[in-house]
Amino acid sequence: MGRGHYFVVAALLILLGFVLAQYFMSEEEPVPVSNDKARAWADSVVKTLPLEALIGQLILSEQDTDSVSIDRMASLIRSQRTGGVLLPGASPGQTALLSNYFRSIAPFPLIFAISEPNAPRIHPAFPRLPAFLSVRDDSLLYTTGYYFGTLFTEMGINLELPGQTALFPPAFSLGMHDAGIPIGNYLTPDSTNAILFRDGWPIYGQGLTLCKYEGRPDSLPAVLEGGLDIVIAHGNEEKIVQSLVDAVTRRRIKRLFLEEKAAQVLAHKFTLAAAPDSILTGDSTRFAFIPEILGRSITEASLTLLRNDKQRIPFPTLHEEKVASLSIGNAQKTPFQEMLARYYAMEHFNLSSRFSQSELNNHLKKLEEFDFVIVGLHAGADTLKGNLVEFLQELQHQNRLIITTFGGSPQVCKLGFAQTLLDAVDDREITQQLAAQALFGGVAVRGRLWSDAGATFCQADGMDCRGPVRMKYTVPREVGMDPEVLLKVDSLAWDAISKGVFPGCQILAARNGKIIYEKSFGYHSYDRKQRVRTDDLYDVASITKIASTTLATMLAYEEKKISLDSTLAAYLPDLDSSAIGVARIDQILTHTSGLPEALPVYFFYTVIDSADSIKRKYYSTKRDSSHTLQVAEKLYLNPVWRDTIWERIKKRKLWTKGRYVYSDLGYFLMYRVMEKLYDKKLDQLVSERFYQPLGLQQACYLPRKRFEEDRIIPTENDRFYRRQMVHGYVHDMAAALWGGVSGQAGLFASAHDLAILMQLLLNGGEYGGVQYFSKKTVDKFVKRYDGHRGLGFDMPPLKVSSPSICSSSASRETFGHTGFTGCAVWADPKYKLTFVFLSNRVHPSARNQLINSLRIRQQIQTVFYESMGIFPPEDAFEVVDSTGIARN
């Protein structure tokens with residue numbers, strides 16, 4: 001997966017470059033200008049220029065951003081004491097305004113240059129130069145350089161002067177060059193730093209030589225005769241002009257020589273001025289998203305793994321490990337820690353930059369109980385005082401330690417003792433988030449150290465680390481989805497809440513294994529006291545069938561414990577004499593076995609009479625030796641009655657064998673099969689084999705045993721059976737009779753957990769570097785088995801004109817399930833899209849059917865396809881128009 005993903009990213013970057021090229025090439029092309037025409041014009045001009053103006057063509061003036069400097073530059077341009085401007089490293093908009101203004105007042109074309117790009121000033125999404133120097137992906141660097149070049153062109157810039165201390169990588173410079181911004185090369189290593197521009201301009205001459213001359217003005221004639229064409233000036237323009245005027249007067253240099261120099265420069269500028277007139281803004285909106293994508297990509301590619309003893313990164317399954325995070329240099333919970341928590345449940349600790357020795361000692365004691373400690377060294381800790389280094393060494397001796405630095409080589413040089421060390425060049429929020437993802441394999445690590453770090457690490461040190469192996473968190477544009485379109489999802493969710501469809505919901509979407517949308521809306525209930533959070537738990541009802549029972553069945557199939565064409569009686573011997581014993585496993589999974597829809601348990605729902613008294617032989621309001629099975633708050637069942645229910649089930653008959661009839665009873669029986677095969681409860685089986693190793697933090701049966709009530713979304717105010725608000729206990733009444741653990745219902749989860757389960761299947765059975773199923777097994781279950789469904793999984797009808805509980809935009813390969821409580825989960829292999837929607841539409845009453853009549857789930861799912869440019873077919877049952885209203 002990792003290598004294939006790398007090539008996909010490379011292809012996307014090439015495509016991005018192509019899009020940029022098409023955009024700028026689609027503008028009106030400049031009329032080609034011949035060298036002869038340019039030179040003829042230049043020769044005619046220089047004959048008319050006063051000597052001061054002639055000399056001014058050989059000056060490039062540095063510009064500051066203050067108003068006094070701008071007025072001074074305007075005066076120089078009007079008086080022709082300068083022929084070009086070295087613009088400051090301001091924002092694109094400011095730079096474009098300056099170039100437009102100076103161009104409008106110039107008697108002749110100007111050269112506009114800029115020194116080495118200040119990437120964060122160009123756009124805050126870009127990191128500083130060290131990040132670029134850490135990247136080893138030339139295609140990414142080239143594409144980013146091409147973007148900078150096209151943006152500089154739009155800003156009115158003609159060339160870039162190389163920086164004085166460090167240069168951007170060659171691939172970046174090549175991208176700028178190919179976008180039309182020549183980048184000079186230093187001619188000599190001496191203090192003059194002469195810069196030659198030879199390539200990139202279809203113009204007269206062999207190129208231009210520029211330098212910032214800081215010697216005596218009266219020595220300028222000799223420097224010009226030595227090959228210099230343009231002098232970079234900063235406040236000394238008048239001295240330069242006067243010096244050369246005096247030289248001509250004293251016949252130390254001839255005017256004809258200066259005319260030749262000026263003509264060569266003017267010929268260059270004539271070509272630049274031949275482009276069609278336009279108003280430059282520096283703020284292109286058509287591709288305003290590109291800096292965000294490229295900035296994230298550069299930051300991600302700059303992450304550098306310097307040590308990885310015992311191959312701890314990316315983390316393997318950690319369900320048996322106790323993990324803590326410690327951020328040093330920030331007293332508050334950091335974005336690094338918040339992202340770590342998305343992958344694994346851990347305890348968080350923080351130390352400010354002003355920590356004391358006693359605080360270090362206290363934290364050392366607190367962290368003793370943890371197997372792993374993930375340390376983030378933030379900007380506030382970049383001095384790495386001696387006692388902190390000793391603390392980290394002791395911590396590594398005590399725990400398995402993973403260190404991430406946010407600040408680069410100044411910190412890294414003192415961490416030679418580290419066994420696991422990840423380096424990030426800055427402390428921005430996005431950098432922290434990506435570093436956390438790198439530790440868990442959400443992103444690959446391929447960066448190299450951008451400079452020497454003392455004697456500990458050398459420039460270009462680093463190692464590759466595979467990824468992505470787990471889900472990544474990113475922005476919609478990275479996977480080709482339009483965030484503007486996704487605003488409709490927010491509108492539809494809030495509109496549904498305002499109409500009373502449900503009090504709140506969670507919505508998640510992922511594409512290509514990358515989560516691009518995860519939001520919570522509304523409240524737990526209509527009293528509006530508690531907002532829904534992304535880590536709250538919903539009762540997912542029949543989604544249990546695929547997220548628990550079917551997964552267990554796939555495991556049994558993979559391990560050859562079960563055969564799909566075998567009967568129930570083969571695994572449940574007490575069904576040998578039962579009519580339902582001949583039902584085949586594959587028929588049960590596709591609801592074609594003929595089993596009745598419901599379990600024969602209605603009698604047990606009517607145990608509370610109109611006076612709210614309880615039939616004591618069944619239930620008790622207190623747990624006692626006879627009533628041990630809790631079905632709701634202060635309501636306990638005598639478990640002996642489950643035997644009675646089982647006897648009633650055995651007397652069932654197959655009614656409509658071979659026809660599709662949705663059956664909860666079938667999945668209850670599969671639950672019994674799984675417990676028989678593995679000799680353990682279903683909740684324990686799926687937790688041990690799937691939920692824990694996958695890192696699921698909420699998915700579970702019986703959530704009241706693990707979570708506080710305020711983390712669990714309430715369902716129905718049950719006025720028929722339990723006579724109370726069902727909160728933290730399974731909504732399904734038949735599952736409640738089994739104590740909350742069953743095959744047809746009982747699972748509670750967050751949207752995030754279900755997305756990981758679906759991604760596991762989209763990955764062909766692999767997640768986090770672990771192969772849970774073979775691809776052959778996954779394909780067997782998720783592909784259409786009987787024309788209508790997969791094995792356990794629901795699928796859209798083959799005809800898009802048929803009613804569906806799935807969006808009509810989804811491919812016919814899509815698989816998933818819905819839940820009675822108001823939930824849905826779908827995975828589309830064709831478009832690599834995962835969609836999860838969780839709600840408690842049954843609150844406070846299951847009679848509320850607005851979620852179905854308004855087709856809320858289908859509408860919202862359709863918007864995610866629309867954001868990819870995919871719309872329902874003309875003959876689809878449901879078409880959602882631009883307002884988000886369903887038309888049937």
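These numbers come from the heavy atoms of this one structure, side chains and all, not from hydrogens, waters or symmetry mates.
In plain terms, the two heavy atoms of Thr550 and Gly792 that are nearest each other are OG1-CA, 3.7 Å. Across every non-hydrogen atom of Leu340 and Ser325, the tightest pair is CD1-CB, 3.9 Å. In terms of heavy atoms, Gln759 sits closest to Met471 at OE1-CE, 3.8 Å. Scanning both residues, Ala424 and Thr431, for their nearest heavy atoms gives CB-CG2, 3.5 Å. Among all heavy-atom pairs drawn from Leu367 and Ala324, the shortest one is CD2-CB, 3.8 Å. Of all non-hydrogen atoms in Pro703 and Ile712, the two that sit nearest each other are CB-CD1, 3.7 Å.
Taking the side chain as every heavy atom from C-beta outward, Leu833 and Trp826 never approach each other to under 4.5 Å. With a 4.5 Å cut-off on side-chain heavy atoms, Cys458 and Asp452 count as touching. Side-chain contact check for Phe336 versus Asn330: every heavy-atom pair is 4.5 Å or farther apart. Looking at Thr818 and Ser542, their side chains never come closer than 4.5 Å, going by heavy atoms from C-beta outward. Between Leu401 and Thr420 the shortest side-chain heavy-atom distance does not fall below 4.5 Å. Within the 4.5 Å cutoff, side-chain heavy atoms of Val532 are placed close to those of Tyr538. Between Leu537 and Arg706, the closest side-chain pair of non-hydrogen atoms is not below 4.5 Å. In this structure, Leu791 and Asp586 have side chains that are in contact, with non-hydrogen atoms separated by less than 4.5 Å.
No donor-acceptor distance shorter than 3.5 angstrom exists from the side chain of Gln396 to the backbone of Asn399, with no hydrogens or angles considered. Side-chain atoms of Asp536 come within 3.5 Å of backbone atoms of Arg533 as a donor-acceptor pair (strictly under, hydrogens ignored). Using a distance-only test at 3.5 Å, with no hydrogens or angles considered, a donor-acceptor pair links the side chain of Arg812 to the main chain of Ala810. The main-chain N or O of His348 is never found under 3.5 Å from a side-chain atom of Gln337 such that the two would form a donor-acceptor pair. Between the side chain of Arg511 and the backbone N or O of Glu478, no donor-acceptor pair lies under 3.5 Å. Judged by distance alone, the side chain of Gln398 and the main-chain N or O of Leu364 form a donor-acceptor pair under 3.5 Å. A side-chain donor-acceptor contact under 3.5 Å links Asn308 to the backbone of Ile313.
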**Request:** Could you give me the CA-CA distance, side-chain angles and deciding distance for Ile516 and Thr474, then say whether side chain to side chain contact (heavy atoms under 4.5 Å, CB included) is met?
**Result:** CA-CA 5 Å; Ile516 53 86; Thr474 189; 3.8 Å; yes
**Prompt:** Run the side chain to side chain contact (heavy atoms under 4.5 Å, CB included) check on Ile713 and Asp539 step by step: do they pass?
**Reply:** CA-CA 7 Å; Ile713 308 293; Asp539 181 335; over 6 Å; no
**Request:** Evaluate the side chain to side chain contact (heavy atoms under 4.5 Å, CB included) criterion for residues Leu415 and Leu377: first the C-alpha distance (whole Å), next the side-chain angles of each, then the deciding distance (0.1 Å), finally the verdict.
**Result:** CA-CA 11 Å; Leu415 297 172; Leu377 288 174; 3.8 Å; yes
**Asked** Could you walk me through whether Phe349 and Val373 pass the side chain to side chain contact (heavy atoms under 4.5 Å, CB included) check?
**Response** CA-CA 10 Å; Phe349 300 87; Val373 178; over 6 Å; no
**Request:** Would you please test Ser548 and Tyr701 for side chain to side chain donor-acceptor pair (under 3.5 Å) and show each step?
**Result:** CA-CA 10 Å; Ser548 174; Tyr701 287 87; 2.8 Å; yes
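A salt bridge does not link Glu292 to Arg477: none of the charged side-chain nitrogens sits closer than 4.0 Å to a carboxylate oxygen. Salt bridge status for Asp423 with Arg307: absent, with no side-chain N to carboxylate O gap under 4.0 Å. Salt-bridge formation is not detected for the pair Glu347/Lys366: no Lys NZ or Arg NE/NH1/NH2 atom is positioned less than 4.0 Å from an Asp or Glu carboxylate oxygen. Taking 4.0 Å as the cut-off between side-chain N and carboxylate O, Lys681 and Asp683 do not count as a salt-bridged pair.
For the side chain to side chain contact (heavy atoms under 4.5 Å, CB included) test, residues two or more places apart in sequence or in another chain that qualify with Lys832 are Asn512.
Remark: Gln698 CD to Thr534 OG1 distance equals 8.0 Å, nearest 0.5 Å. Rounded to the nearest 0.5 angstrom, Trp450 CH2 and Asp461 CG are separated by 14.5 Å. Rounded to the nearest 0.5 Å, atoms OH (Tyr772) and CG (Leu761) are 12.0 Å apart. Expressed to the nearest 0.5 Å, how far OG of Ser134 lies from CZ of Arg448 amounts to 10.5 Å. Expressed to the nearest 0.5 Å, how far CG of Asp137 lies from CD1 of Ile298 amounts to 8.0 Å. Note that OG1 of Thr549 and CE of Met674 are 8.5 Å apart. Values are rounded to the nearest 0.5 Å.
Of the N and O atoms on the side chains of Glu688 and Gln684, at least one donor lies less than 3.5 Å from an acceptor on the other residue. Checking Gln697 against Asp753 by side-chain atom types alone, no donor-acceptor pair falls below 3.5 Å. Counting only N and O atoms by type, the side chains of Gln433 and Gln437 include no donor and acceptor under 3.5 Å apart. Side-chain contact check for Asp535 and Ser750: no donor-acceptor pair (N or O, by modelled atom type) lies under 3.5 Å. In this model, a donor atom of one side chain and an acceptor atom of the other lie less than 3.5 Å apart for Ser327 and Thr334. Checked by atom type, the side-chain pair Tyr517/Ser867 shows no donor-acceptor distance below 3.5 Å. Glu813 and Ser811 share no side-chain donor-acceptor pair at under 3.5 Å. Side-chain N/O atoms of Tyr678 and Glu559 include a donor and acceptor closer than 3.5 Å.
For the pairing with Leu757, the side chain to side chain contact (heavy atoms under 4.5 Å, CB included) check across Leu694, Ile543, Val836, Ile546 returns one residue only, Leu694. Here the options are Gln506, His752, Arg342, the test is side-chain hydrogen bond (donor to acceptor under 3.5 Å, both in side chains), and the partner is Glu518; only Arg342 passes.
Within a 6.0 Å radius of NZ in Lys333, other residues, nucleotides and ligands contribute more than 12 heavy atoms. Counting heavy atoms of neighbouring residues, nucleotides and ligands inside a 6.0 Å radius, atom CD of Glu368 exceeds 12 of them. The local environment of NZ in Lys676 is sparse, with at most 12 non-hydrogen atoms from other residues, nucleotides or ligands closer than 6.0 Å.
Within the structure, the ring-ring contact (aromatic ring centres under 6.0 Å, His included) test picks out the following pairs touching residues 414-449 (sequence neighbours left out): Phe315-Phe440, Tyr343-Phe440. Sorted by first and then second residue, the salt bridge (Lys or Arg N to Asp or Glu O under 4.0 Å) pairs with a member in residues 312-324 read Glu321-Arg400, Lys322-Glu369; sequence neighbours excluded.
Taking the ring centroids of Phe690 and Phe773, they lie under the 6.0 Å cut-off.
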